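Predicted model, so just to flag it, every value in this text is computed and none were measured.
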Amino acid sequence: MKSKVSGGILGLVIGASSLGISGPANAQSGADELKQKVDMLQQQLDVLRGRLDQVLKQQEEAATRPMPAPVASAGHDFLERKPGDGLTFFTRGGEVSFYGNLDISVDEATKGIGGMMANGAAPVGRGGWMPDISSNISYIGVRGLQDLGTFPARFVYQLETQIDVSATSGTGASNSNSSNVVKGGLTSRNSYIGLASPAWGAFKIGKTDAPYKNSTASMNPFSGMLGDYGVIMGNTGGDNRVEFGTRLDHALWYESPSMAGFTVNALVSPGQNRGFDNSNLAAGEGDCSGGNIPGSGGLPVACNDGSFGSAYSVSAGYRNGPLYVTTAYELHRGVNRTSDLATYDPNDIANEWAAKIAGQYRFQTGTTVSAIYEHMKRDVPDSLASQNERSRNGTWLAVSQQLGAKDSMHFGWAHAGKTPGDPGQHNTPGGANPDNSANMFSLALKHSVDKQLSFYVDAAETLNHTAAHYDLGAGGRGVTTDCHDASNPDTTGFDPNGGAPHCWAGGKLKGVSVGMKYAF
């Protein structure tokens, strides 16, 4: 192909040159001039042909050569490991981190309801000691940030999923509650996107543990263990649901930077409920806002066992070296608890709120002391005060002591004060001024192998007064021990233990646990 092109060009040049030959007298000189022009043109063609061959060769090499890796910002290679303990990698103009917590324990616990009688009946099933294997606040997640050029903030994100190490993931169900939430599903835990700046803080949108919960999380050395302070603190009803220590979905929140040691966090979660009494599922959700599906626990098929509308949560804290103090407030609007009464009463849809003040101090002896005072209130009229089991005070005291570089001991005591009333749904008479206070005691030993791996052993007991039914294990454990016996919500008569789930107040719950934890 190249020779044909060269020949064609030569022919054209010769033809054009011949037009300039005027006669025989000029034949020899014209031939010499033509030959010089042809030689020069051939040299130029040879140069062009060489350059063309070089370009074609470079194109062939580029087609087979691997693409160079994209370069991240600040001179780092794309997905280059960032120095430090975490699993963080540089990206194009940002960072991405992978993290997780794997916690599993072998336990043995008792409901402490053996020998009880009510109306001639005893608890159904095994209410004594039973061994179990439990996954405890185990999760994995990814979080990252992205620079936005001249924009005065970074884009931030987090996607976090619960990991049920010892159980198969699925919807939650027991003889006393049912849930459509798949806790092992993708992004079942704190997940968000937002904008953040060291100068003014961060705005985020998604779902998260509320500021009320986070404000005192560092004061709970039994997090995810038997004896977690969520058994009593923030827990208005004494069940496994911790009303004021929970994750709030479809939320928008602000996190301030530290300003001379002071921080402020605020969150709002719109109700997204079309029902005037918040008895519908919130739009876009699979469970009622207060937890569980309509009809859970043998109740009427509606969100009437703690479902609420909009929620607001705020906290403020101050940290200065070993000292940390904080205060927090949270409000749930229009909480529907009409299932507490035999007949529907619209007055039993009322606001519920909680407030607390807390302090923590780390002494040079390796001793850390934490204390919390909390007040929770359900704003029902005086006519319903005799069934109001949601208004009370609570206290928490925790003492942790380092026993060396790798060992520590922890003690906790929680107290639940009496409530104005009791709806009398269990083995209790109900009415005003019930004897429903309770105490929980927790003790744990922890041993750290390194920064990631640790072992623990702990024991806890919840001592309920005759009308109280606080559990053991609320706050994030996969296996909880509560007041319910083994009866099932079967109204067909097929199940010999059917009828409804029965809660036995006054139980003396106890448990021991040995666990292993790996955090990265």
Side-chain angles (χ1 to χ4, degrees), residues 101 103 136-139 141 158 160 162 181 183 188-192 202 204-225 227-256 263-269 287 289-291 306 308 310-317 319 324-333 335 352-360 370-377 390 392-396 398 412 414 416 440 442 470-471 473-477 480:
N101 184 72
D103 186 334
N136 311 309
I137 312 186
S138 295
Y139 55 86
Q158 177 174 296
E160 189 174 286
Q162 178 170 314
V181 174
K183 294 182 178 180
S188 59
R189 288 178 52 87
N190 298 349
S191 302
Y192 58 80
K204 300 175 181 178
I205 185 168
K207 56 179 174 286
T208 184
D209 291 335
Y212 189 89
K213 176 182 179 180
N214 290 335
S215 64
T216 56
S218 65
M219 302 181 188
N220 181 22
F222 302 91
S223 177
M225 303 165 62
D228 186 305
Y229 76 173
V231 168
I232 287 178
M233 305 306 295
N235 192 332
T236 62
D239 298 318
N240 293 320
R241 288 180 290 171
V242 186
E243 288 82 358
F244 293 101
T246 188
R247 179 174 298 108
L248 291 175
D249 292 353
H250 47 265
L252 173 69
W253 65 97
Y254 168 72
E255 301 169 357
S256 80
T263 55
V264 176
N265 300 298
L267 174 148
V268 58
S269 172
D287 271 7
S289 297
F308 53 86
S310 296
Y312 308 87
S313 185
V314 62
S315 68
R319 190 179 297 275
Y324 172 62
V325 293
T326 184
T327 184
Y329 172 84
E330 186 166 313
L331 169 67
H332 299 169
R333 287 195 174 277
V335 184
E352 294 183 5
W353 57 268
K356 62 183 172 182
I357 185 170
Q360 183 181 69
S370 304
I372 306 173
Y373 173 78
E374 180 177 55
H375 179 70
M376 294 176 287
K377 181 70 180 296
R390 304 285 171 170
R392 65 168 180 84
N393 300 325
T395 55
W396 168 253
M440 182 189 69
S442 309
Y470 294 90
D471 65 4
R477 287 179 52 84
T480 57

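- Residues K356 and T216 bring a donor and an acceptor atom of their side chains to less than 3.5 Å of each other.
- For Y229 and S223, the side-chain atoms include no donor-acceptor pair closer than 3.5 Å.
- Side chain of S313 to main chain of Y212: a donor-acceptor pair is present (N/O by atom type, distance under 3.5 Å, no hydrogens or angles).
- The two residues G290 and R241 come nearest to each other via the heavy atoms O-NH1, 3.0 Å.
- Residues L252 and I205 share a closest heavy-atom pair of CD1-CB, 4.1 Å.
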- Message: Set out, in order, the CA-CA distance, both residues' side-chain angles and the distance that settles side chain to side chain contact (heavy atoms under 4.5 Å, CB included) for S188 and Q162, then state yes or no.
- Response: CA-CA 6 Å; S188 59; Q162 178 170 314; 3.7 Å; yes
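- Note that OG1 of T395 is 14.0 Å distant from NE2 of H375, once rounded to the nearest 0.5 Å.
- The closest side-chain donor-acceptor pair between Y192 and E160, if any, does not fall under 3.5 angstrom.
- Summarising the geometry of R477 relative to G224, their closest heavy-atom pair is CG-O, 3.0 Å, with the distance given to 0.1 Å.
- Side-chain contact check for N393 versus Y373: some heavy-atom pair is nearer than 4.5 Å.
- For Y254, the side chain to side chain contact (heavy atoms under 4.5 Å, CB included) partners two or more places apart in sequence, or in a different chain, are F203, S256, P257.
- Between G473 and T480, the closest heavy-atom pair is O-CG2, 3.4 Å.
- Remark: S289 pairs with no residue by the side-chain hydrogen bond (donor to acceptor under 3.5 Å, both in side chains) rule, at least two apart or across chains.
- Side-chain contact between P211 and W253: absent, with no pair of heavy atoms (C-beta onward) separated by less than 4.5 Å.
- The shortest side-chain heavy-atom distance between L248 and T208 does not fall under the 4.5 Å cut-off.
- Here the closest non-hydrogen pair linking A316 and T326 is O-OG1, 2.9 Å.
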- side chain to side chain contact (heavy atoms under 4.5 Å, CB included) evaluation trace for Y329 with Y312: CA-CA 8 Å; Y329 172 84; Y312 308 87; 5.9 Å; no
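- Under the 3.5 Å distance criterion, with hydrogens and angles disregarded, no donor-acceptor pair is assigned to the side chains of N214 and N265.
- Put simply, the side chain of D228 never gets that close to the backbone of N220: no donor and acceptor are under 3.5 Å apart.
- Of the possible polar contacts, one joining the S442 side chain to the G227 backbone as a donor-acceptor pair under 3.5 Å is found.
- With no hydrogens or angles considered, a side-chain donor-acceptor pair links E243 and T236 at under 3.5 Å.
- With hydrogens and angles left out, the side-chain atoms of D103 and S138 include no donor and acceptor closer than 3.5 Å.
- Under the 4.0 Å criterion applied to side-chain N and carboxylate O atoms, E255 and K204 are assigned as salt-bridge partners.
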- Task: Could you walk me through whether V231 and D471 pass the side chain to side chain contact (heavy atoms under 4.5 Å, CB included) test, one step at a time?
- Result: CA-CA 6 Å; V231 168; D471 65 4; 3.6 Å; yes
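- Separation of atoms CD (E352) and CE (M376) is listed at 10.0 Å; rounding is to 0.5 Å.
- To the nearest 0.5 Å, the span separating CD on Q360 from OG on S370 amounts to 3.5 Å.
- The ring pair (Phe, Tyr, Trp, His ring centres under 6.0 Å) check on F244 picks up H332, with sequence neighbours excluded.
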- Task: Quick one: do K213 and E330 satisfy salt bridge (Lys or Arg N to Asp or Glu O under 4.0 Å)? Show the steps, please.
- Result: CA-CA 9 Å; K213 176 182 179 180; E330 186 166 313; over 6 Å; no
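- Evaluation of the side chain to side chain contact (heavy atoms under 4.5 Å, CB included) rule for R247 yields R189, N190, K207, D209, D249 as partners, not counting sequence neighbours.
- Taken to the nearest 0.5 Å, the CD1 atom of I372 stands 6.0 Å off from the CE atom of M219.
- Taking every heavy atom of both residues into account, P221 and W396 meet most closely at CD-CZ2, 4.4 Å.
- When the side-chain hydrogen bond (donor to acceptor under 3.5 Å, both in side chains) test is applied to R392, the partners found at least two apart in sequence or on another chain are Y470.
- Among residues two or more places apart in sequence or in another chain, the salt bridge (charged side-chain N to carboxylate O under 4.0 Å, His left out) test is passed with R333 by none.
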